[in-house]
Amino acid sequence: MAKDKKKVKIFRKKKHTPESKIIEELQAKYENIDEGKITKFTDLPLSQKTLKGLKGNDYIQLTDIQRQSIGLALRGNDILGAAKTGSGKTLAFLVPILESLYCKQWTRLDGIGALIITPTRELAYQIYETLRKVGHYHEISAGLIIGGKDLKFEKKRMDQCNIIICTPGRLLQHMDENPLFDCINMKILVLDEADRCLDMGFEQTMNSIIENLPPKRQTLLYSATQTKSVRDLARLSLKDPLYVSVHEHATHTTPEGLQQSYIVCELEEKISVLWSFIRNHLKQKIIVFFSSCKQVKYIYESFCRLRPGISLLSLYGTLHQLKRMSIYESFCKKQHAVLFATDIAARGLDFPTVNWVVQMDCPEDTNAYIHRAGRTARFQKGGESLLVLLASETAIIDQLKERKIPISMIRINMGKLQSPHRKLEALLARDVALKETAQRAFIAYIKSVFLMKDKTVFNVHKLNTDAFANSLGLAVPPRIRFLQKMQKKTIKSEENTDKKNNVKIDTVGDNNQLMKSEEISNFKNEASKSYAFNDDDSDDDSELLTVKRKNVDVDDIPSIPELDEINSNSNKIKAITKAAVAKKILRKKIVPNKKIAFDDDGQEVIDTAKSKVSELARKYETEVESGINIELAKQILREEDRFDKQRFREKIKEKHREQKRKLKESKKQKEKDKDDEEQEEDFDNDVVSESSGPDTSWLPDPDKIYGKEESCQSGNDTSDEEASTASKDSDDSEISQVHKPTKRKLVTIEEVKRKKRKGNHSELKLDEELALQLLQN
Ligand code: ADP
Ligand code: MG
């Protein structure tokens with residue numbers, strides 16, 4: 001009985017307090033919220049479900065931004081919320097979202113009620129996790145829509161989500177491709193890190209997203225560096241937004257617990273500074289920022305091999321999403337570790353108990369500095385920040401001080417630094433892949449400096465690139481191609497403008513002159529017009545900075561060919577290198593070291609001994625194709641084999657013919673010798689001493705005796721024949737030349753003898769002697 005009574009009691013209670021009435025009561029209190037008086041969440045007219053969720057996670061006291069903005073947001077205002085890093089902005093928008101949907105008695109069937117857009121996947125994930133915890137007692141469902149995740153899975157679940165936390169690219173993808181995506185009922189739009197979401201890198205995507213959203217909605221923007229740009233606000237069509245800046249009049253823009261310092265060193269000393277820093281802070285949790293993914297990759301990979309004695313992790317845009325998530329979670333859990341990261345980790349991420357933030361590369365601007373440094377000293381805790389600057393970058397210190405950032409210089413004894421240089425050099429010498437990573441890191445850094453907007457801080461020409469490359473362990477500094485390309489463009493455009501203005505100038509001027517800052521900004525303006533979307537959702541270089549400063553001209557240059565190991569000094573003077581000439585020839589498709597002979601008709605004479613004959617092979621040679629086609633090569637060999645065999649047969653035949661000819665000649669010669677011996681008896685004996693040598697000066701000129709024509713003709717015939725023999729078989733050419741004079745004489749003697757037989761007795765004697773002499777030879 002007692003049990004039954006209890007049941008009835010519960011039933012009665014529910015009946016008497018309908019949710020709609022509770023909601024009405026809560027909403028009625030919104031108007032009376034006094035921001036000055038409330039200190040705890042329980043002081044706010046919030047639902048029991050929300051309060052329970054907050055309490056369960058130890059959120060009792062309100063932070064400044066929460067106190068000042070939650071009440072306004074509950075009343076349905078559009079808000080521009082600005083507060084220091086780590087001051088609790090996340091709850092400042094999550095609580096109003098939960099309450100708004102609760103008050104509207106939102107169910108799963110109502111679809112998307114709120115949309116939270118963040119610039120990075122990790123931040124979206126972090127907000128999602130916080131929402132899961134705080135909104136645990138609500139029946140509202142939430143979905144995380146970020147790049148790198150299973151799109152199909154997301155598509156199926158999309159219609160069941162009431163709160164969506166997303167990155168801009170992935171959201172737009174759903175808007176375009178997913179028929180289940182419907183935000184017609186959406187009530188609240190939140191942009192966390194609003195200034196970043198609205199900047200150049202996300203401009204087009206955000207515009208497209210905003211077009212798809214219902215105009216009647218509440219919009220909340222939050223950031224530590226809030227946008228006040230009228231243009232941005234107009235894009236979002238905010239209705240009389242309220243600017244809530246809780247720390248506007250604070251003495252410092254950065255958290256009070258944050259100790260900030262900077263050092264100035266040479267570019268080539270940076271790596272020793274970092275290595276020594278890590279070795280001296282082994283019991284700390286550190287985030288180290290670099291300006292590009294490739295630098296992070298190289299430093300991480302090389303330092304891992306050097307074993308500094310502390311866990312190393314790396315987080316950058318080109319990593320696989322699952323890896324990114326596991327690294328994020330692993331760094332959250334670790335007590336002592338170093339996380340090397342790009343600016344994807346700069347905004348919003350709330351890693352617990354980070355002791356140090358080290359900015360190895362100068363941040364793009366003061367906002368970037370604030371966000372990076374803000375990864376430590378979060379929510380009333382302490383932390384330290386170190387900024388490593390080059391002497392040419394110290395102008396940023398004045399800018400930081402103007403922004404009320406207390407930063408002081410510290411000097412370090414460079415002589416006492418531990419340098420990993422030698423070890424790196426040894427590592428790169430035996431690991432080609434790591435060497436290439438180092439080369440890419442080098443180029444990426446130079447590129448990042450070149451792309452920086454603020455030319456008062458960043459000057460790519462002041463960098464000692466050779467020494468820097470060397471410090472990374474690279475024996476030969478990689479060639480910085482994009483700079484050369486830019487240089488060329490500048491010179492060309494200068495020449496063009498000079499021509500247009502009809503102004504005579506000395507063209508032999510400064511060859512090193514590079515693009516001026518205005519020209520760079522022109523380039524960028526042009527580039528910004530043709531932006532292709534590239535945000536955190538894309539798996540390629542998705543660093544925030546890269547996106548913001550995307551320069552089409554520079555990014556178009558492929559990065560691998562930049563790795564030609566040519567001393568960067570050679571960039572200054574445009575030398576015609578052998579490689580350049582070879583490339584030019586290749587482009588013209590001229591085969592080097594090839595001699596082509598042509599016959600009288602202009603037809604190519606193919607030297608079958610040296611070049612391929614078959615049509616297939618010739619076609620293959622003219623077509624420039626990369627790689628080896630083994631099947632085709634076999635076929636070509638078979639074809640060529642036929643020609644080779646034929647050539648060999650011809651050569652043998654020719655040899656036989658030659659042998660026959662020689663035999664015939666020797667036979668003839670023997671017969672003639674016989675005849676001569678017979679005739680010898682008839683003539684007087686007037687022997688010429690053989691020892692006197694072949695002095696023929698006393699001999700009568702046969703031309704005079706037998707007429708010029710005959711002897712010339714015979715001589716010519718012989719030489720022609722020899723020439724043709726020589727050309728037929730070049731190997732025998734030397735031999736035929738040795739025999740030449742002898743043959744010529746023999747022919748002449750034969751002629752002489754023939755004439756002698758005709759009856760000229762007085763001169764026969766002389767001829768006889770000549771013949772004898774030659775025969776003996
Ligand atoms: P922001 O977005 O301003 O950088 P977060 O919202 O990430 O700051 O909050 C920073 C940290 O402060 C988080 O760890 C969060 O859990 C904690 N925090 C926020 N609000 C409160 C609160 N009211 N009470 C206790 N901790 C809070
Ligand atoms: Mg935040």
Side-chain angles (χ1 to χ4, degrees), residues 35 38-44 46 50-71 73 79-98 116-136 165 167 190-197 220-227 244-248 250 253-258 285 287 328-329 331-333 343-354 357 367 370-383 385 544:
E35 278 90 25
I38 52 170
T39 54
K40 291 178 183 174
F41 283 107
T42 45
D43 298 336
L44 282 167
L46 301 177
T50 305
L51 286 174
K52 225 171 148 184
L54 288 166
K55 197 181 168 195
N57 289 284
D58 288 332
Y59 297 129
I60 312 293
Q61 302 277 339
L62 288 156
T63 65
D64 289 346
I65 184 72
Q66 290 161 2
R67 192 175 60 248
Q68 294 206 21
S69 68
I70 290 177
I79 289 176
L80 292 171
K84 290 179 187 182
T85 51
S87 59
K89 293 184 285 291
T90 316
L91 285 184
F93 60 77
L94 284 185
V95 170
I97 287 177
L98 286 172
I116 304 168
I117 303 176
T118 77
T120 67
R121 297 171 190 177
E122 283 76 14
L123 182 54
Y125 177 69
Q126 186 180 288
I127 296 168
Y128 174 77
E129 286 297 309
T130 313
L131 178 65
R132 260 178 29 143
K133 285 185 219 157
V134 176
H136 181 75
I165 300 138
T167 46
V190 176
L191 303 189
D192 192 20
E193 304 297 337
D195 55 330
R196 177 70 192 103
C197 290
L220 310 174
L221 311 185
Y222 284 88
S223 179
T225 50
Q226 186 58 272
T227 178
V244 183
S245 176
V246 288
H247 303 118
E248 203 167 21
T253 318
T254 44
E256 294 309 319
L258 181 62
K285 193 163 171 177
I287 303 182
Y328 167 82
E329 280 182 342
F331 189 65
C332 281
K333 283 177 204 152
D343 280 320
I344 61 162
R347 288 217 179 220
L349 298 188
D350 186 53
F351 297 114
T353 61
V354 172
V357 167
N367 281 354
I370 291 168
H371 288 286
R372 281 173 166 191
R375 292 319 95 209
T376 183
R378 295 179 68 74
F379 192 69
Q380 298 158 7
K381 290 196 187 83
S385 148
L544 304 180

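Atoms within a ligand are numbered from 1 in the order they appear, just like the ligands themselves.
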Novice: What's the verdict on salt bridge (Lys or Arg N to Asp or Glu O under 4.0 Å) for D64 and R67, showing C-alpha distance, side-chain angles and the deciding distance?
Specialist: CA-CA 5 Å; D64 289 346; R67 192 175 60 248; 3.3 Å; yes
Novice: For the residue pair G53 and N57, what are the closest heavy atoms and their distance?
Specialist: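 That closest heavy-atom pairing would be O-ND2, 2.9 Å.
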Novice: Could you check whether the rings of F331 and F351 sit parallel, tilted or perpendicular, using 30° and 60° as the cut-offs?
Specialist: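 The arrangement is perpendicular - the two ring planes meet at more than 60°.
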Novice: Within the 4.5 Å heavy-atom criterion, are L44 and L62 side-chain neighbours or not?
Specialist: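 In short, these two side chains touch, coming nearer than 4.5 Å.
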Novice: So which residues, sorted by chain and number, lie with a heavy atom under 4.0 Å of ligand 1?
Specialist: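 For ligand 1, the residues that come within the 4.0 Å heavy-atom cutoff are F41, Y59, Q61, T63, Q66, K84, T85, G86, S87, G88, K89, T90, L91, D350, R378, F379.
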Novice: Does a salt bridge link D350 with K89, judged by any charged N lying under 4.0 Å from a carboxylate O?
Specialist: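 K89 and D350: not salt-bridged.
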Novice: Do L80 and V244 touch side chain to side chain, with heavy atoms closer than 4.5 Å?
Specialist: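 A side-chain contact is absent here, since even the closest heavy-atom pair is not under 4.5 Å.
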